[in-house]
Amino acid sequence: MKSLAIIGAGIAGITLARQLQGSAEVRIFEKSRGLGGRMATRRADSYQFDHGAQFFTARSEQFQNLINDCVADKQIQAWLPRILTLDSQKKPFKREWFEPHYVATPDMNSLCKTLALGLNVTMNTQVAGIDAVKQGWQLKDSYGEQLGQFDWVISTAPAPQANELLPDCFAYKSQLSTVDFSPCFSLMLGYKSTHKLNFDAAVVRNSPLSWIASNSSKPDRPSSFSLMVHSDNTWARTQLESNIDDVRHRMLEALDKLMGDALPPPDHIAIHRWKYAKADTNCEESFLLDESNRLAACGDWCSGHRVEDAYLSGLKLGEQLQTLWYGRT
């Protein structure tokens, strides 16, 4: 049976590994301590924050089938927030969502935890080297320790990171270099008391902010009142190398400008910098497969930037590899 290393335990990597179960010996390497990639959740005291992806939609039959199964098991629920558009230069106005929006429960990364059950995942391990050997590829971690030899290596990291990591012989290096990502800052605010707002989620215009949501308004979340605030992507580009405390201060100022006296000072404040938050350009392919070198890359950035795009990228690459190896899907 073929051996395969997958770099990254986000939804693309986990979906790919599930697709190849029984077809290959698969091992996933994840540099972080948690699964899910940008489907991330952070906890602090009684507060919980989905500080990466806020929700997901389903526009393909494949992803809708997964959601239907998970809804039946109560692992996914629809989120039906009251939504506004907040504009620093105009009056607020009500928005409508014209398709279902979902969240994993009881936190966003629980979907990846469920899908990863039974998979061979090595956490807290950063793959830093991929060296050609007679038997295939030798992987090394950031300390120079060997992680094993594999017939195939697949990166599900953001394209700039995949470009740095994959060997120069990878046939799609030029495509990786064309993918551009926008950064984002996630500001997490916790309050001892619950505060009544006229929205559960808000799209923000003409501000350093782009999104405000009551994380505690999502299904099956802790009741402690918490706000998740995302920066505007364009603004984040200008602040990417700034001191993180300065960025936090500017985002709090922007929030105060929008909210006025609706909120007191928060009792808990944290901030996270996402360098690769959203793919602004993509490869317009579901995946990048270099059959001759037994290397590949996949992820949401291949064809979009949504959770569903990541799922479909991993799924379709798995199907293609099964066809390549065994003439079946």
Side-chain angles (χ1 to χ4, degrees), residues 11 34-57 67 70-71 73-86 92-97 99-114 184-204 207-232 247-248 251-274 277 306-307:
I11 193 166
L35 302 172
R38 281 168 285 164
M39 293 183 70
T41 301
R42 183 179 294 187
R43 296 168 182 81
D45 299 324
S46 60
Y47 306 115
Q48 179 176 300
F49 305 93
D50 297 325
H51 65 295
Q54 296 295 287
F55 53 79
F56 45 89
T57 56
I67 286 180
C70 291
V71 166
D73 293 334
K74 297 184 178 180
Q75 297 165 351
I76 289 176
Q77 293 190 43
W79 184 33
L80 304 171
R82 299 167 298 150
I83 314 172
L84 290 181
T85 293
L86 298 179
F93 62 89
K94 185 178 179 181
R95 296 178 65 93
E96 298 288 345
W97 273 346
E99 62 180 326
H101 287 59
Y102 302 96
V103 296
T105 57
D107 47 53
M108 193 62 77
N109 63 1
S110 64
L111 176 61
C112 289
K113 291 177 183 177
T114 298
C184 181
F185 292 93
S186 296
L187 183 66
M188 294 160 269
L189 306 175
Y191 299 83
K192 289 182 180 179
S193 300
T194 298
H195 301 279
K196 291 185 178 180
L197 304 177
N198 60 347
F199 66 88
D200 298 313
V203 175
V204 184
S207 168
L209 311 181
S210 67
W211 173 262
I212 306 169
S214 168
N215 204 86
S216 41
S217 74
K218 295 179 179 179
D220 287 350
R221 266 51 177 186
S223 59
S224 298
F225 186 71
S226 56
L227 285 185
M228 186 67 254
V229 183
H230 277 175
S231 71
D232 174 75
V247 174
R248 178 178 58 195
M251 290 182 68
L252 286 169
E253 280 188 332
L255 183 64
D256 287 342
K257 184 178 180 179
L258 287 166
M259 303 298 295
D261 297 329
L263 291 170
D267 300 289
H268 170 83
I269 304 175
I271 191 168
H272 181 84
R273 185 192 338 241
W274 295 99
R306 300 181 302 119
V307 170

Non-neighbouring partners of Thr57 that pass side-chain contact (heavy atoms from CB on, under 4.5 Å), sequence neighbours left out: Arg59, Glu99, His101, Arg306
Closest non-hydrogen atom pair between Pro222 and Ser46, with its separation: CB-O, 3.7 Å
Check: Trp79 and Pro219 side chains under 4.5 Å, non-hydrogen atoms: yes
Distance in Å, Phe93 CZ paired with Leu86 CG, rounded so as to fall on 0.5 Å steps: 9.5 Å
Taking every non-hydrogen atom, the tightest pair across Met39 and Cys112: SD-SG, 4.2 Å
Residue pair Leu227, Leu197: steps toward the side-chain contact (heavy atoms from CB on, under 4.5 Å) verdict: CA-CA 11 Å; Leu227 285 185; Leu197 304 177; 4.2 Å; yes
Sub-4.5 Å side-chain heavy-atom contact between Phe185 and Pro208: no
Test side chain to side chain donor-acceptor pair (under 3.5 Å) applied to Thr85 - qualifying residues, sequence neighbours left out: Arg95
Approximate separation, where rounding is to 0.5 Å, of Leu209 CG and Met251 CE: 5.5 Å
CG-CG distance between Leu255 and Leu189, expressed to the nearest 0.5 angstrom: 6.5 Å
Interatomic spacing from CE in Met188 to CG in Asn215 - rounded to 0.5 Å: 10.5 Å
Counterpart residues, side chain to side chain donor-acceptor pair (under 3.5 Å), relative to Asp232 (two or more places apart): none
Partner set under side-chain contact (heavy atoms from CB on, under 4.5 Å) for Thr41, not counting sequence neighbours: Arg43, Gln48, Asp50, Asp107, Met108, Asn109
From Phe56 atom CZ to Ile76 atom CD1, the distance as rounded to the nearest 0.5 Å: 4.0 Å
Residues forming a side chain to side chain donor-acceptor pair (under 3.5 Å) with Ser210, sequence neighbours excluded: none
Residues forming a side chain to side chain donor-acceptor pair (under 3.5 Å) with Ser216, sequence neighbours excluded: Ser214
Tabulate below the donor-acceptor pairs under 3.5 Å that side-chain atoms of residues 258-274 make, not counting sequence neighbours, or state none.
{"from": "Asp267", "atom 1": "OD2", "to": "Lys192", "atom 2": "N", "distance (Å)": "2.7"}
{"from": "His272", "atom 1": "ND1", "to": "Arg42", "atom 2": "NH2", "distance (Å)": "3.2"}
{"from": "Arg273", "atom 1": "NH1", "to": "Leu240", "atom 2": "O", "distance (Å)": "2.4"}
{"from": "Trp274", "atom 1": "NE1", "to": "His51", "atom 2": "O", "distance (Å)": "3.0"}
{"from": "Trp274", "atom 1": "NE1", "to": "Ser186", "atom 2": "OG", "distance (Å)": "3.1"}

Check: Ser231 and Cys184 side chains under 4.5 Å, non-hydrogen atoms: yes
Under the side-chain contact (heavy atoms from CB on, under 4.5 Å) test, residues paired with Thr114 that sit two or more places apart: Gln75
Contact summary for Phe49 and Gly190, nearest pair of heavy atoms: CZ-N, 4.0 Å
Set of side-chain contact (heavy atoms from CB on, under 4.5 Å) partners for Glu96, sequence neighbours left out: Lys94, Phe98
Atom of Gln54, atom of Ala213 and distance for their closest heavy-atom approach: OE1-CB, 3.9 Å
Partner set under ring pair (Phe, Tyr, Trp, His ring centres under 6.0 Å) for Tyr191, not counting sequence neighbours: His195, Phe225
Interatomic spacing from OH in Tyr102 to CD1 in Ile67 - rounded to 0.5 Å: 5.5 Å
